[in-house]
Each structure stands twice: as structure tokens, then as C-alpha cells.
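Values below: all heavy atoms of this structure, side chains included; hydrogens, waters and symmetry mates excluded. Residue numbering restarts at 1 for every chain, and letters A, B, ... go by the order of the sequence lines.
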Protein chains: 2
Amino acid sequence: MPTPLTRARIVAAAIDLIEREGADAISMRRIAADLGVGVMSLYNHVPNKAALLDAVAESVYSRIEFTDDPSAEWTARVRVQARAFRQIAHHYPRSTMVVVSRQLRSPAGLLPVEHALATLRQAGFDGEDAVRMLRTFIAYIIGSLLREVGVTPTFAPVPGQDHTPHADPALFPEVHGLASLLGECDHEEAFEYGLDMLIRAAVVRLQEVKEARAAGEAGAGGGVKGRGDAAVAGSGGNGSARG
Amino acid sequence: MPTPLTRARIVAAAIDLIEREGADAISMRRIAADLGVGVMSLYNHVPNKAALLDAVAESVYSRIEFTDDPSAEWTARVRVQARAFRQIAHHYPRSTMVVVSRQLRSPAGLLPVEHALATLRQAGFDGEDAVRMLRTFIAYIIGSLLREVGVTPTFAPVPGQDHTPHADPALFPEVHGLASLLGECDHEEAFEYGLDMLIRAAVVRLQEVKEARAAGEAGAGGGVKGRGDAAVAGSGGNGSARG
DNA sequence: AGACTGACACGTACGCTGTACGTACGTCAA
DNA sequence: TTGACGTACGTACAGCGTACGTGTCAGTCT
């Protein structure tokens, strides 16, 4: 055996196999065969299949490349980070479903979070807003990825396929009238559209917060559960300097 | 055999089983056993397991209840529809992962789409904006559902579990400082927060479109790809705030 | 040197899976 | 009566994850 069996080699082989034959085709036996080893040898490095898939998710996730430019406008930085996240769907399309299907709790997932939070904090959001906003962005990105890989699992533009819905015009007038728009989907453009919406909303929110802060320090607390949109004015006492 | 085997009965049994024992526990043999029939009898009504899971997804999806009030403000109607969508995660938490994992192409999925498009069109959006906006909302909702069912698959608030991330303060200062916020997550509130962001952005967008229309019929279509970040005319506009 | 120990590759085996196929038994049409 | 047909069912097969035992080798202690 020239190269020793390794957890990293196993994960790499798994990703390779998923990308070649799809997530359903993965099995411990196939991975072992691809590596030229016996099945049970894998279990010396990975406790079970679920853990292996977790490792696959973590590995793919950790390959997100951030080219953060701290001097750029915060909106641009948020945009760049969101796009970087989405890139995994292009580099590892068939593994993406595995990634989004299992939540990962590991340091690998913390770095993007750290970046995003830092960006939002520097923009002027307090901790609560930053966390909630991050969650909103992540939810949107994950949902977008899911649609992308669901519709085109391989990202190969299947030519013969027709997604145009044909609906009874009487029952579904809107769907019928917009069938051509619903049938096609430029994922890139769709993603940017929603991303624009979120970023614009974030800009509005930031302005709101700043106005509230300027108006006075009165209403502290910023009711988490409170339904009042404006007048959050949290900030007070938050010592976490964060330049 | 009192009641004859039926596709509907099979699907119902499958959903039941998933909710009782989780999506991983599902198998044709278990379903057949629950129904008190032989395994192969299922195949008289369902071509294969994948089709059965598709049917499960469709069934769950079709149970979304819309209580649309056409007289309400469009922002409120959008909010209601989004919440209705999210409700499936509460009624069928463990099936939700099945729903979001497979894209469904059936009439069952068209009714919510029809409702949403009609609402957006009535608000004043053109077809393109309505479709793109709908996709944005769906992506956000799906992503939110995925986090909800991922973190708490059974919606039973696991007491012993601690999701608080413990990160090296030097490497991850933000994550460390906001650990308590990151550790807990009120899904309800998180969902509403992002939903608010999207609805506000939609309000801004609508205003933009209307102004463009009023200004003249010249630049039709509106800069879909336009990158203009700022100048969104913040605080005004939102009439539906939430009161 | 000899003995012991741990890590690791591997084979076998068990219970489980989805489902192709053949069979048996109903009800209807001719 | 006869045949066709739909449906329930049993058997069988290939493949799955993985528990368990066995063999080999490197390193360490006496």
C-alpha cells in the first residue's frame, strides 16, 4: 500500500464519488472499492457512515473561499460573502444536498460566521441584529442552494427537460399567464435578486437603528420578542469593542 | 381485509411512520407491517420508494392552509401566506425534511404559487418581479424550515442539549462575544425577523417600480440587474409595519 | 532477545434494505 | 364456462451498514 488510508483520503474519495455518481450512489463498499481497500478498513478512521457524511459536509463547507476586502462598503462585503457561500453549489453541486441536509457543528463552520458577524458589526449593527440578520441571510442562501441543486442536480443544463408548468387557466390564471417565467430560472439572476432585496432591507434597518440611537438612549433592551419594528436602540453597555 | 389498500392509505401510513420514528426509519417493510399487509402489495399502488416519498412530500405540502383575506393589505397577506407555509414544520416536523429535500412538480404545489402570485400582482408588481420575489420568499422559507428541523428534528425542546458554540476568543472574537445569542434560537422570532426584512424590501421595491412607472414609460422593466445599493428611501413607506 | 501492546487492514457474517418475479385468488366480460 | 385482469402475497436476490474476530506489523518495555 503506497499511501496509507486516512480519514482525509476517505472523505476525498467520498466527495469524488458523490460528484461522479450522485449522493444516492454512495456506500461504504463503493468508497472502499474506489480506494482499493477492504470495507471494514474505513471504520478504523470513521466511526460510521453518518459521521463520514458529516465530514463530507464539513470538508465541502470549509472550502468556501472568502476574499474579504475590509476597505469595501459593508454592503459589498456582505454580497461577496453570500456569493462565496453559493459557490460551493457550483464546485460541488451534488455534494451540496449533503451539506444542506445535515447541520454541522464544528469549527469549520465558524469561520464564515465570524466573518459575517464582524462585517455586520462594523457596519453598525448591534449583536442581536447581527445574529438575526446573519440567520436571515443564511436561510435565504441555503434555500437558494436547495432549489438550484434540486432543479439541476448536476448543473448540466438538461436540454430536453421542460419545467414549464401547464396549468388550467381557469383555476390557475396567474400560473398560466406567467408559465414561461416560471418554467425557466436563471439561478444566478434569481439569487442576486433576492440578495439585493435582503441587502436593501439591511440598509434600511441600519439607518433605522442609527436614527434611534441618535434620538436618545431611552428605550433600551430592544425587545427581542417585541413587535415594535423601530426604536431598538440596543447597544448600550456592549463592551465588545470591535473596532 | 376491512379496508382495501390504497395509495392514500399508504401515504398516510408513511407520514405517520416518519413522524413517529423519523425519516431514516422509513422502509417499505415497516410501512407494510404498519398497514398489516405484505411488502409487495404496496407496489400495486406505488411504483417505488422514491415515488412514495414524492407522494409524501406532495401530501404534506397540500395540507398548507391558506386563510387569505383579499381585503387585507398585501403585505399582511404575504406575511400570512409565508407563515402558513412554515406551519407544516410544526404539524409535520420530521416530514418537513422529506418535503424540502425533493422538489415536487405537481398541481398540489401550484395552488400556493397561484395565491402568492395573485397577491403580488394585485399589489402592483409586474410578472417578472412577482415571480422573482416569490422565489426569494420561498428560498427564505425553505431555508428557515431546514434550520428549524435540523436543529430540533422533533420540535421537542431538548433540555440537556447546549448549542452554544465555544470558540477561541482570539480566533473568533465575534462568535465568542455573541455565543449566548448564537447558542439559542427562537425560531419563531428568527423567522419573523427575516420575513420582515423581505417584506420591507418588497415595499421599497414596489414604491420604486411605481415611481418608475409614473415617471414615464421609457425605461421599462426596471433595472433587474441594477446594482444600486443605497438610496432606498428608508423609513417611509412601510404602512403595514405590523401593529 | 523476547514479550507485550497497540494500530490497522481485512474477511466473514448478520440483519436489514428495495424490488423483480412468480403465484394465487378475487371479480367482471364475453 | 372461460378468459382476462387487478390485487395480495411469498420467495429470492443483490446490495447495504457494521459487529466481531483474526492476522500482520511497528514500537516499547523488561
Side-chain angles (χ1 to χ4, degrees), chain A residues 1-60 94-95 97-99 101-104 153, chain B residues 1-60 94-95 97-99 101-104 153:
Chain A
M1 195 68 57
T3 58
L5 198 50
T6 301
R7 185 184 155 95
R9 289 220 310 139
I10 295 173
V11 172
I15 295 178
D16 223 58
L17 179 58
I18 292 176
E19 291 304 326
R20 280 205 324 273
E21 310 198 11
D24 290 340
I26 204 173
S27 81
M28 302 300 273
R29 284 175 162 84
R30 292 277 288 119
I31 296 171
D34 284 10
L35 286 168
V37 302
V39 194
M40 295 315 291
S41 305
L42 303 179
Y43 287 88
N44 289 321
H45 306 268
V46 168
N48 52 46
K49 188 184 182 183
L52 173 55
L53 289 181
D54 281 339
V56 165
E58 180 179 332
S59 177
V60 170
R94 312 181 87 154
S95 302
M97 187 61 93
V98 177
V99 175
S101 297
R102 17 195 78 241
Q103 83 262 25
L104 71 167
Chain B
M1 194 69 55
T3 58
L5 199 50
T6 302
R7 184 185 155 97
R9 289 221 309 139
I10 295 174
V11 172
I15 294 177
D16 224 58
L17 180 58
I18 292 176
E19 291 305 325
R20 281 204 324 273
E21 308 199 11
D24 290 341
I26 203 173
S27 82
M28 302 300 274
R29 282 174 165 85
R30 291 278 288 119
I31 296 171
D34 283 11
L35 287 168
V37 302
V39 194
M40 295 315 291
S41 306
L42 303 178
Y43 286 88
N44 289 321
H45 307 268
V46 167
N48 52 47
K49 187 184 183 183
L52 173 56
L53 289 181
D54 282 338
V56 165
E58 180 180 333
S59 177
V60 170
R94 312 179 87 153
S95 303
M97 187 62 93
V98 176
V99 175
S101 297
R102 18 195 78 239
Q103 84 262 26
L104 70 168

Table please: side-chain donor-acceptor pairs of residues 52-60 of chain A below 3.5 Å, with sequence neighbours left out.
{"unit_1": "D54(A)", "atom_1": "OD1", "unit_2": "R102(A)", "atom_2": "NH1", "d": "2.8"}
{"unit_1": "E58(A)", "atom_1": "OE1", "unit_2": "S106(A)", "atom_2": "OG", "d": "3.4"}
{"unit_1": "S59(A)", "atom_1": "OG", "unit_2": "R63(A)", "atom_2": "NE", "d": "3.4"}
{"unit_1": "S59(A)", "atom_1": "OG", "unit_2": "R63(A)", "atom_2": "NH2", "d": "2.9"}

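In this structure, the separation between CD1 on I31(B) and CG on L17(B) is 6.0 Å, given to the nearest 0.5 Å.
Residues from residues 13-29 of chain A that place a heavy atom under 4.0 Å from any atom of DNA chain D, listed by number: S27(A), M28(A), R29(A). Near DNA chain D, defined here as any heavy-atom distance below 4.0 Å, the residues from residues 39-47 of chain B are M40(B), S41(B), N44(B), H45(B), listed numerically.
Partners of A12(A) by side-chain contact (heavy atoms from CB on, under 4.5 Å), not counting sequence neighbours: none found. Under the rule for a side-chain contact (heavy atoms from CB on, under 4.5 Å), N44(A) has no partner lying at least two apart in sequence or in another chain. D16(A) is linked by a salt bridge (Lys or Arg N to Asp or Glu O under 4.0 Å) to R20(A), counting only residues two or more places apart in sequence or in another chain. The side-chain contact (heavy atoms from CB on, under 4.5 Å) search around E19(A) returns I15(A), Y92(A), P93(A), R94(A), S95(A), not counting sequence neighbours. Shown here are the side-chain contact (heavy atoms from CB on, under 4.5 Å) partners of N48(B), two or more places apart in sequence or in another chain: A50(B), A51(B).
E21(A) is listed as a side-chain neighbour of R30(A), based on a closest heavy-atom distance under 4.5 Å. Annotation: side chain of L42(B) is in contact with side chain of L35(B) (closest heavy-atom distance under 4.5 Å).
The NZ atom of K49(B) sits 9 Å away from the P atom of dT17(C) (whole-angstrom rounding). Between the CG atom of L52(A) and the C1' atom of dT18(D) there is a distance of 14 Å, rounded to whole Å. As a whole-Å value, the separation of R9(B) CZ from dT7(D) C1' is 14 Å. Atoms CZ (R7(A)) and P (dC8(C)) sit 13 Å apart, rounded to a whole Å.
Side-chain N or O atoms of S101(B) include one that pairs as donor or acceptor with a backbone N or O of M97(B) at under 3.5 Å.
Helix-axis bend for the helix from dA1(C)-dT30(D) to dA30(C)-dT1(D): the local axis fitted to the five terminal pairs at one end deviates from that at the other end by 20°, rounded to 10°.
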